[in-house]
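These numbers were taken from a predicted model, which means no experiment stands behind them.
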Amino acid sequence: MERTSGLADFDGVVSEYWPRVYRFALASLRDKSAAETIAQDCFLRAWKARDRFRGESSLNTWLMQIAVNLIRDQLRSRRLQFWKRTSQTVDAAAELLADKRTSPEMSASARQQLAAVWSATSHLPDQQRTVFVLRFVEDMDLLEIAATMGLSEGTVKAHLFRAVRTVRERAGIAAAVSKEHRSE
Amino acid sequence: MSDVHLNSNQFAAWMAGDRPAEIAVHLDGCVVCRAEVTRFESAVSRLRSSLSAVSDAQRIPVFRPPSRAWGLRMITPALGWSVAAAVAVVLMAVPFYKAFEPSAKPHSIRQVAAADVSDAVLFEQVNAQLSRNVPGAMEPLALGSATDVDAKATTSQENE
């Protein structure tokens with residue numbers, strides 16, 4: 001039933017899920033223009049494949065599945081254009097941190113922490129980053145992530161475990177906590 | 001407060017969703033580790049809210065179902081690679097074609113042969129010029145004197 005009720009109003013689907021797909025693409029690709037293209041392509045593909053959506057997974061999982069595949073293809077083609085990737089990555093990070101709308105009340109240290117986490121996620125391998133973003137940015141549980149990425153729950157957990165360990169170490173969260181407690 | 005804190009693997013396992021009772025007990029009693037978990041959670045939550053602010057500020061485009069028009073979207077990666085391969089094959093074939101072009105060699109041989117013939121004719125003309133008894137300008141005189149000599153010889157024979 002979700003099939004008919006979910007996709008009958010496609011404009012409604014776009015307006016509800018666009019920000020989510022765009023946010024996921026932005027976190028994965030770190031480039032606003034590429035994220036917009038991915039979001040457009042995602043809904044275009046969803047439109048073309050709407051007859052094949054059986055409602056076995058949620059609409060969110062199905063759209064994220066399409067987005068994951070598009071992002072994976074984009075990252076593959078980007079590896080052939082490493083000079084482009086470097087410049088765009090820097091630009092996107094600078095834009096995100098400079099944007100006052102993101103959090104006007106954010107303190108300098110909080111901004112620094114955000115920058116550190118943002119930078120740490122950029123060093124993750126593609127699959128680890130996707131799992132990390134789906135878990136902590138998209139707030140999806142491990143089973144949903146497994147369905148989205150076509151992996152087992154155990155594999156997702158292993159990717160997440162490695163991603164958290166890397167981000168914690170690279171972002172200096174452990175060091176900062178110990179320092180705070182030493183100074184108390 | 002405990003002296004032994006969560007190590008990197010225990011922390012990562014906890015954040016990845018593993019919730020063993022001993023770690024839960026440790027977190028209840030350890031301020032340092034609890035602070036670390038809180039700090040990590042607030043850092044990723046900040047990342048989420050920052051990205052959400054950027055994505056929410058984006059204008060949601062009006063979706064128009066695609067028409068069946070030819071455009072850049074029709075150029076699939078497979079088609080692109082096929083065209084690139086065809087161009088590469090043609091470019092690689094150009095030197096071979098130039099080397100084995102069927103009309104190239106006979107044509108040049110014909111040209112060379114024609115040039116040889118004209119050279120031989122010219123050589124013969126030059127040779128004929130050089131083989132003359134007298135220069136070209138003096139030929140009429142030479143012809144005249146030869147006629148006189150012949151006439152004198154005829155007259156003397158007649159007189160005898």
Side-chain angles (χ1 to χ4, degrees), chain A residues 10-11 13-15 18-24 26-27 32 35-36 39-40 43-44 47-48 73 77 95-97 99 101-103 106 110-111 113-114 116-118 121 132 135-139 141-142 157-169 171 173-174 176-178 180-181, chain B residues 1-19 27 30-69 71-74 76-78 80-81 84:
Chain A
F10 203 78
D11 282 338
V13 171
V14 174
S15 53
W18 174 277
R20 212 175 291 188
V21 172
Y22 174 82
R23 181 177 59 201
F24 171 56
L26 180 64
K32 281 183 168 182
E36 206 172 328
Q40 279 171 4
F43 287 102
L44 189 71
W47 167 262
K48 285 178 180 169
D73 293 347
S77 70
E95 264 182 62
L96 183 71
L97 296 168
D99 196 342
R101 286 171 309 184
T102 57
S103 184
M106 204 187 281
R111 271 181 194 282
Q113 204 180 63
L114 171 63
V117 172
W118 178 249
T121 54
F132 186 89
R135 175 70 195 91
F136 294 114
V137 176
E138 296 309 320
D139 213 14
D141 63 38
L142 296 186
K157 199 181 264 189
H159 282 312
L160 190 59
F161 170 85
R162 291 195 191 99
V164 168
R165 198 172 54 183
T166 307
V167 170
R168 175 182 173 264
E169 283 163 10
I173 288 168
V177 169
S178 324
E180 270 174 21
H181 282 270
Chain B
M1 182 166 51
S2 169
D3 287 338
V4 180
H5 298 300
L6 295 183
N7 63 29
S8 192
N9 289 346
Q10 287 171 318
F11 178 87
W14 179 264
M15 293 311 300
D18 269 348
R19 299 289 148 102
L27 282 172
C30 179
V31 183
V32 173
C33 292
R34 216 169 45 239
E36 190 180 341
V37 168
T38 309
R39 200 175 169 89
F40 187 90
E41 282 172 345
S42 66
V44 291
S45 149
R46 255 182 224 116
L47 179 66
R48 179 169 51 236
S49 58
S50 298
L51 286 164
S52 298
V54 174
S55 63
D56 291 347
Q58 272 281 316
R59 188 180 56 83
I60 298 169
V62 178
F63 181 78
R64 286 189 190 85
S67 58
R68 284 192 175 275
L72 282 176
R73 283 191 186 282
M74 301 298 283
T76 59
W81 281 112

Undergrad: Look up atom CG in B/Asp18 and atom CZ in A/Phe161, then write down how far apart they are to the nearest 0.5 Å.
TA: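 Separation between the atoms: 9.0 Å.
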
Undergrad: Would you mind checking which part of A/Phe24 comes under 4.5 Å of any heavy atom in chain B, side chain (CB onward), backbone (N, CA, C, O), both or neither?
TA: neither

Undergrad: In Å and rounded to the nearest 0.5 Å, what is the CZ to CD distance from B/Arg39 to A/Gln113?
TA: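 B/Arg39 CZ to A/Gln113 CD: 4.5 Å, rounded to 0.5 Å.
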
Undergrad: Can you say whether A/Val14 sits under 4.5 Å from chain B via the side chain, the backbone, both, or neither, judging by heavy atoms?
TA: both

Undergrad: Checking side chain to side chain contact (heavy atoms under 4.5 Å, CB included) for the pair B/Val44/A/Phe132: CA distance, chi angles, key distance, verdict?
TA: CA-CA 10 Å; B/Val44 291; A/Phe132 186 89; 3.6 Å; yes

Undergrad: For residues A/Trp118 and B/Leu51, report the shortest heavy-atom separation together with the two atoms involved.
TA: CZ3-CD2, 3.8 Å

Undergrad: Look only at the side chain of A/Arg165 and the backbone of B/Asn9, and say whether a donor-acceptor pair between them is shorter than 3.5 Å.
TA: no

Undergrad: Can you give me the closest heavy-atom contact between A/Ser15 and B/Ile60, atom names plus distance?
TA: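 The answer is O-CD1, 3.6 Å.
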
Undergrad: In Å, rounded to the nearest 0.5 Å, how long is the span from OG of B/Ser50 to CG of A/Leu114?
TA: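 With rounding to 0.5 Å, OG (B/Ser50) is 4.5 Å from CG (A/Leu114).
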
Undergrad: Say you draw a straight line from CZ of B/Arg59 to CD of A/Glu36; how long is it, rounded to the nearest 0.5 Å?
TA: 7.5 Å

Undergrad: Does the side chain to side chain contact (heavy atoms under 4.5 Å, CB included) test come out yes or no for B/Phe40 and A/Val167, once each step is laid out?
TA: CA-CA 9 Å; B/Phe40 187 90; A/Val167 170; 4.0 Å; yes

Undergrad: If you count heavy-atom pairs under 4.5 Å between each of B/Ser42, B/Ser52, B/Gly17 and chain A, which one has the most?
TA: B/Ser52

Undergrad: Please check if the number of heavy atoms outside A/Arg162 that lie under 6.0 Å from its CZ is greater than 12.
TA: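 Count not over threshold, so no.
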
Undergrad: Look up atom CH2 in A/Trp18 and atom CD in B/Gln58, then write down how far apart they are to the nearest 0.5 Å.
TA: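 The CD atom of B/Gln58 is 7.0 Å from CH2 of A/Trp18, to the nearest 0.5 Å.
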
Undergrad: If you count heavy-atom pairs under 4.5 Å with chain A, which of B/Ala43, B/Ala13, B/Ala16 comes out on top?
TA: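 Greatest number of close heavy-atom pairs with chain A: B/Ala16.
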
Undergrad: Select, from A/Thr121, A/Val117, A/Val137, the one with the greatest count of heavy-atom pairs under 4.5 Å involving chain B.
TA: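 Option with the top pair count is A/Val137.
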
Undergrad: Taking atom CZ of A/Arg135 and atom CE of B/Met15, what is their separation to the nearest 0.5 Å?
TA: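 The distance works out to 7.5 Å.
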
